[in-house]
Amino acid sequence: MPSAFDHVVIGGGVVGAATARSLATRGARVLLVEQHGRGHDRGSSHGASRIFRLGYPDAEYVAMCLRARAAWDDLEQASGRTLLDLTGAVDHGRPEQVGAIAAALAAAGVDHERLTPEQAAERWPGLAFEGDVLAHPDAGRIRSADALEALLDLAAADGADLRFDTRVTGIEDHGDRVTLTLDGPSGATSVTAPSVVAAVGSWAPALVSEVLAGRGASLPALRVTQEQPAHFPSHLPDEAWPSFVHHPLDGGDVYGLLTPGEGVKVGFHGTGPVVDPDARDFLPVTEELARLQAYVTRFVPGVDATRPEPISCLYDNSPDDDFVLDRRGPITVATGFSGHGFKFAPLLGEMLADLATGGTAHPRFALPD
């Protein structure tokens, strides 16, 4: 019997939504299943804002950022929604890191500017700067919750079947097709399709490791952590805030951006405890929150450091922080996006749709041999 669907996308976060939308736009019959509710806060896609920036020291990622920028423009046009607010972005700190970013932007022809800490503080009085400073204007923040809804709405409009609160409890690889056992609101069911895209982030090891092993492949050693940025009330008007990344002289990156109506979000990058994504407590670590407040007191004077509103974020990172985008037989896997993946979402959807329809993985993002 022919399959009712050409592709099943597992995961209703931003990458899964973008993939479902890209496949449906191509005329494919698509089923998207998500174990939690629509727009849930259990994964890595929730919240109202994410940084969009071009500031990588790596030419390949800068090129992808430029492609993603065009994809965001296309998504805004298709959805009729404003999804990017171009506030500009600023990097500061370790001279070697800032210099490498500047060189990569220059090589790509991206407009950017070098500043002294004093010049930067005059322009952005809500921040304090150290080391070298680099600004680029084609950056800012993504309206992330709106972006996720836009992708889901467009996927549905093109015929995708979206099913939330539906968990995949079994995967059976038949060689040229896959049968998924699903547990949803109406009970247990199964669906068989010639292509499954597992865009499940932190759940990838538990969900697809066994089926990949059956095909002689394995995931890299993903590190799943619970991060705890916080929103801080701003003393300044919204337009005073760029997106920012600090590369402190003593190591360890820090990021921040305004979330309109909630405050300025500031967080340490990738320092949280390792967790099971199904057994998180969502509670801030007291010592880490105090450390974040001390940082904000020193480097973000434009907010009230005494009034943090902690946020719980789930990270999934590969050992080298590169994405994992690859296919083995009918199974396409996507993970390793945390800390810098959201900005690429509409592009990642296209890349995964290409893989699911017979394309070849980029060597950098392929599963390890």
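All values reported here derive from a predicted model rather than from experimental measurement. One-based numbering along the sequence shown.
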Can you list the steps and then say if W203 with L314 is a side-chain contact (heavy atoms from CB on, under 4.5 Å)? CA-CA 11 Å; W203 284 268; L314 193 63; 3.8 Å; yes
In sequence, state the C-alpha distance, the side-chain angles, and the governing distance for L127 and V90, and then conclude on side-chain contact (heavy atoms from CB on, under 4.5 Å). CA-CA 10 Å; L127 299 170; V90 59; 4.2 Å; yes
Between D183 and T169, does a side-chain hydrogen bond (donor to acceptor under 3.5 Å, both in side chains) hold up when you go through it step by step? CA-CA 7 Å; D183 185 8; T169 59; over 6 Å; no
F129 vs F299, test: ring-ring contact (aromatic ring centres under 6.0 Å, His included). Steps then yes/no. CA-CA 7 Å; F129 298 88; F299 284 107; 8.9 Å; no
Carefully, step by step, assess T332 and D326 under the rule side-chain contact (heavy atoms from CB on, under 4.5 Å). CA-CA 6 Å; T332 302; D326 205 353; over 6 Å; no
From CA spacing to verdict: side-chain contact (heavy atoms from CB on, under 4.5 Å), R291, T271: CA-CA 12 Å; R291 189 166 73 93; T271 62; 4.0 Å; yes
Would R123 and E113 count as a salt bridge (charged side-chain N to carboxylate O under 4.0 Å, His left out) if you check the C-alpha gap in whole Å, the side-chain angles of each, and the deciding distance to 0.1 Å? CA-CA 13 Å; R123 186 177 301 183; E113 182 182 9; 3.0 Å; yes
H340 vs Y255, ring-ring contact (aromatic ring centres under 6.0 Å, His included): CA-CA, chis, key distance, verdict: CA-CA 11 Å; H340 71 131; Y255 66 91; over 10 Å; no
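Looking at D138 and R69, a side-chain N of the basic residue comes within less than 4.0 Å of a carboxylate O on the acidic one, giving a salt bridge. With salt bridges taken as basic N to acidic carboxylate O contacts below 4.0 Å, one links D91 and R53. Here D153 pairs with R38 in a salt bridge; the nearest charged N to carboxylate O distance falls below 4.0 Å.
Of the N and O atoms on the side chains of T82 and R143, not one donor lies less than 3.5 Å from an acceptor on the other residue. Using modelled atom types, one finds a donor on one side chain and an acceptor on the other under 3.5 Å when comparing E227 with T225. Side-chain polar atoms of H40 and Q35 form no donor-acceptor pair below 3.5 angstrom. Defined by atom type and a distance below 3.5 Å, a donor-acceptor pair is present between the side-chain atoms of D316 and T335. Between the side chains of N317 and S338, not a single donor N or O lies within less than 3.5 Å of an accepting N or O. Side-chain contact of Q97 with D253: a donor-acceptor pair under 3.5 Å is absent, judged by distance alone.
The aromatic rings of F244 and W241 sit tilted, their planes meeting at an angle between 30° and 60°. The aromatic rings of Y61 and Y56 sit parallel, their planes meeting at an angle under 30°, below the 60° perpendicular limit.
Taking the six-membered ring where the residue is Trp, the centroids of Y295 and H246 are separated by under 6.0 Å.
Between P260 and R141, the closest side-chain pair of non-hydrogen atoms falls below 4.5 Å. No side-chain heavy atom of V224 sits less than 4.5 Å from a side-chain heavy atom of V274. Looking at F52 and W72, their side chains come closer than 4.5 Å, going by heavy atoms from C-beta outward. Between L249 and E130 the shortest side-chain heavy-atom distance falls below 4.5 Å. The side-chain heavy atoms of L289 and Q293, taken from C-beta on, include a pair separated by under 4.5 Å. Between F164 and L152 the shortest side-chain heavy-atom distance falls below 4.5 Å. Proximity of V30 to D6: side-chain heavy atoms (C-beta onward) are nowhere separated by under 4.5 Å. Residues H231 and I311 are in side-chain contact: their nearest non-hydrogen atoms beyond the backbone lie under 4.5 Å apart.
Remark: the backbone N or O of A230 is not paired with any side-chain donor or acceptor of E309 at under 3.5 angstrom. Although no hydrogens or angles enter the test, the distance criterion places no donor-acceptor pair under 3.5 Å between the side chain of R50 and the main chain of K343. H136 contributes a side-chain N or O that, together with a main-chain N or O of L54, makes up a donor-acceptor pair within less than 3.5 Å. Remark: side-chain polar atoms of E288 are not paired, donor with acceptor, to backbone N or O of V285 under 3.5 angstrom.
More than 12 heavy atoms of other residues, nucleotides or ligands lie within 6.0 Å of CD in E96, so this atom counts as buried by the packing criterion. Within a 6.0 Å radius of CZ in R298, other residues, nucleotides and ligands contribute 12 heavy atoms or fewer. Within 6.0 Å of atom CZ in R67, 12 or fewer heavy atoms from other residues, nucleotides or ligands are found, so the atom counts as exposed in its surroundings. The neighbour count for E210 CD, taken as heavy atoms of other residues, nucleotides or ligands under 6.0 Å away, does not exceed 12.
Cation-pi contact between R307 and F232: absent, since separation from the ring centre below 6.0 Å together with deviation from the ring axis within 45° is not met.
Considering every non-hydrogen atom in both A156 and L162, the closest pair reads CB-CD1, 4.0 Å. In this structure, A135 and W124 approach most closely via the heavy-atom pair CB-CH2, 3.6 Å. Taking every heavy atom of both residues into account, F342 and S144 meet most closely at CZ-CB, 3.3 Å. Minimum interatomic distance between L222 and A204 (heavy atoms only, all atoms of both residues): CD1-CB, 4.3 Å. For the pair S79 and L154, the tightest heavy-atom approach, listed with the atom from each and the gap, is CB-CD1, 4.1 Å. Shortest non-hydrogen contact noted between P346 and A18 is CA-CB, 4.3 Å.
The distance from the CG atom of L258 to the OG atom of S234 is 6.5 Å, given to the nearest 0.5 Å. For the atom pair I331 CD1 and L367 CG, the distance stands at 11.5 Å (nearest 0.5 Å). If you take CG on L180 and OG1 on T166, they are separated by 11.5 Å, rounding to the nearest 0.5 Å. For the atom pair R21 CZ and E350 CD, the distance stands at 7.0 Å (nearest 0.5 Å). If you take OG on S312 and CZ on R280, they are separated by 3.5 Å, rounding to the nearest 0.5 Å.
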Show me, pair by pair, the donor-acceptor contacts under 3.5 angstrom made by side chains of residues 354-363, not counting sequence neighbours?
from, atom 1, to, atom 2, distance (Å)
D354, OD1, R26, NH1, 3.0
D354, OD1, R26, NH2, 2.8
T357, OG1, A353, O, 2.7
T357, OG1, D354, O, 3.1
H362, ND1, R364, N, 2.9
H362, NE2, E60, OE2, 3.0

In a table with atom names and distances, give each donor-acceptor pair under 3.5 Å that connects a side chain of residues 184-198 to protein atoms at least two apart or in another chain.
from, atom 1, to, atom 2, distance (Å)
T192, OG1, T179, OG1, 2.6
S195, OG, H7, ND1, 2.7

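Considering I142, L86, L257, D85 in turn, L257 is the only one that fulfils the side-chain contact (heavy atoms from CB on, under 4.5 Å) rule with S243.
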